[in-house]
**Student:** 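Structure provided below as structure tokens; questions to follow.
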Amino acid sequence: MASLFTGKVLIVNNRDRDEMETERELCLALENRVMLLYFGAAECPRCRSFVPRLKDFFVRLTDEFYVERASQLCLVYVSRDATAQQEEAFLKSMPKRWLSLPFGDEFKRELEQRFEVSEVPRVVVLKPNGDVIVGNAVDEITSMGPACFQNWREAAELVDRNFRLAEDFDDCARRSITDPLRRLKYKLCKGEESRSEEQKEDGDGSS
């Protein structure tokens, strides 16, 4: 798998090392798309039961074998795997369009706290700006399949790629490919700062 470090977030793209990708291509993997954060673990029984449905859901929306044009959708795997080997073996069986955070990355734990992930599997659906559309879409994906994506797309207010100008893509290339995740990190940090300020004020008031 190839990886690219930009800013404070490392994104790993689930492809073979000899399949080179440009900054522009990786940018477009996240830009103007509904983002799914899949919290799971390869050895978790519930995850093993759910992941075939998730894989089929993703493939039917993004693989040109099923659709004329891939949907504006990306998926980032946030693993709870016990070892890097488990994570790597799992990702080898998943679609190459999937993205992930590296094994051992502390940002995974921050995301778990941000979205209050207490058990897996969990799929958080996000707008491109990081706002939550669905807090846990596991049941929705299981019961509705690809049909639920249209609701998410409308909620995300995505810009149809047919109407995007060339300069929009140039502007995208100038920005970090990890902008959506870094915005999440920024919101999380701001929340912690606010709580710290409140605790400080409470302490000053009681003294």
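Quick caveat: nothing in here was measured; it's all calculated off a predicted structure. Sequential numbering from 1 along the given sequence is applied to the chain's residues. FYI, side chains are in, hydrogens and waters are out, and symmetry mates aren't considered; it's all heavy atoms of this structure.
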**Student:** List for me each residue that meets side-chain hydrogen bond (donor to acceptor under 3.5 Å, both in side chains) alongside E154, sequence neighbours excluded, and say none if there are none.
**Tutor:**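 Only Q150 meet the side-chain hydrogen bond (donor to acceptor under 3.5 Å, both in side chains) criterion with E154.
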**Student:** How about L111 and L101: do any of their side-chain heavy atoms sit closer than 4.5 Å?
**Tutor:**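 Side-chain contact under 4.5 Å: yes.
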**Student:** Checking side-chain contact (heavy atoms from CB on, under 4.5 Å) between W152 and each of M35, Q72, E140, which is the one that passes?
**Tutor:**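 Exactly one option meets the side-chain contact (heavy atoms from CB on, under 4.5 Å) with W152, and it is E140.
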**Student:** Around D56, counting heavy atoms of other residues, nucleotides and ligands shown, do more than 12 lie under 6.0 Å from its CG?
**Tutor:**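 Atom CG in D56 is crowded, with more than 12 foreign heavy atoms closer than 6.0 Å.
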**Student:** Where is the tightest heavy-atom contact between S93 and K55, given as atom of each residue plus distance?
**Tutor:**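 Nearest pair, atom of S93 first, then K55: O-NZ, 2.8 Å.
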**Student:** Carefully, step by step, assess M144 and D139 under the rule side chain to side chain contact (heavy atoms under 4.5 Å, CB included).
**Tutor:** CA-CA 8 Å; M144 296 180 61; D139 289 343; over 6 Å; no
**Student:** Between C74 and W98, is any pair of side-chain heavy atoms under 4.5 Å apart?
**Tutor:**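 C74 does not reach W98 side chain to side chain.
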**Student:** With side chains defined as the heavy atoms from C-beta onward, is the minimum distance between L158 and R33 less than 4.5 Å?
**Tutor:**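 Side chain of L158 against side chain of R33, heavy atoms only: no contact under 4.5 Å found.
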**Student:** Would you say V125 and V132 make side-chain contact, with heavy atoms under 4.5 Å?
**Tutor:**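 Not in contact.
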**Student:** Distance check, rounded to the nearest 0.5 Å: S118 atom OG versus Q113 atom CD?
**Tutor:**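 The OG atom of S118 sits 13.0 Å away from the CD atom of Q113.
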**Student:** For atom CD of E116, is the number of surrounding heavy atoms from other residues, nucleotides or ligands below 6.0 Å larger than 12?
**Tutor:**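 Counting other residues, nucleotides and ligands, CD of E116 stays at 12 neighbours or fewer.
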**Student:** Could you check whether any side-chain heavy atom of V117 comes within less than 4.5 Å of a side-chain heavy atom of N136, counting everything from C-beta outward?
**Tutor:**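 No. Closest side-chain heavy atoms not under 4.5 Å.
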**Student:** If you define the side chain from C-beta out and look only at heavy atoms, does anything of L36 sit under 4.5 Å from L73?
**Tutor:**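 Yes, their side chains come closer than 4.5 Å.
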**Student:** Please tell me whether L37 and F103 are part of a single hydrophobic cluster in this structure, the criterion being side-chain heavy atoms less than 4.5 Å apart.
**Tutor:**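 No, L37 and F103 fall in different hydrophobic clusters.
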**Student:** Between V34 and K127, does a side chain to side chain contact (heavy atoms under 4.5 Å, CB included) hold up when you go through it step by step?
**Tutor:** CA-CA 5 Å; V34 171; K127 296 180 180 182; over 6 Å; no
**Student:** Among residues at least two apart in sequence or on other chains, which ones pass ring-ring contact (aromatic ring centres under 6.0 Å, His included) with Y38?
**Tutor:**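 Per chain and number, Y38 pairs via ring-ring contact (aromatic ring centres under 6.0 Å, His included) with Y77.
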**Student:** For the residue pair S100 and V76, what are the closest heavy atoms and their distance?
**Tutor:**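 Taking S100 first and V76 second, the nearest heavy atoms are CA-CG1, 4.1 Å.
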**Student:** Nearest 0.5 Å, please: how far is CG in L61 from CZ in R153?
**Tutor:**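 Reported value, rounded in 0.5 Å steps: 11.5 Å.
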**Student:** Short question: side chain of D81, backbone of A41 - any donor-acceptor pair under 3.5 Å?
**Tutor:**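 No.
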**Student:** Taking Q86 for the side chain and A82 for the main chain, is one N or O donor matched with an acceptor at less than 3.5 Å?
**Tutor:**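 Looks like yes, one N/O pair under 3.5 Å.
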**Student:** Taking K108 for its side chain and F39 for its backbone only, find out whether a donor-acceptor pair lies under 3.5 Å.
**Tutor:**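 Side chain of K108 to backbone of F39: no pair is present.
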**Student:** Could you list the donor-acceptor pairs under 3.5 angstrom formed between side-chain atoms of residues 44-52 and any protein atom two or more places apart in sequence or on another chain?
**Tutor:**
{"unit_1": "R46", "atom_1": "NE", "unit_2": "V120", "atom_2": "O", "d": "3.2"}
{"unit_1": "R46", "atom_1": "NH2", "unit_2": "V120", "atom_2": "O", "d": "3.2"}

**Student:** Look at R122 together with E112 and state whether they make a salt bridge at an N to O cut-off of under 4.0 Å.
**Tutor:**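 No.
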**Student:** Could you tell me the separation between the CG atom of L75 and the CE atom of M94, rounded to the nearest 0.5 Å?
**Tutor:**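 It comes to 10.5 Å.
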**Student:** Yes or no on side chain to side chain contact (heavy atoms under 4.5 Å, CB included) for I141 and V123, after CA distance, side-chain angles and deciding distance?
**Tutor:** CA-CA 9 Å; I141 291 170; V123 178; 4.1 Å; yes
**Student:** How close do V138 and P121 get, heavy atom to heavy atom, and via which atoms?
**Tutor:**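 Closest pair (atom of V138, atom of P121, distance): CG2-O, 3.7 Å.
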**Student:** For the atom pair CZ (F90) and CD (E87), what is the distance rounded to the nearest 0.5 Å?
**Tutor:**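 Spacing of CZ (F90) from CD (E87) equals 9.5 Å.
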**Student:** Using only atom types and a distance under 3.5 Å, with no angle test, would you say the side chain of T62 pairs donor to acceptor with the backbone of S71?
**Tutor:**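 Such a contact is absent between T62 side chain and S71 backbone.
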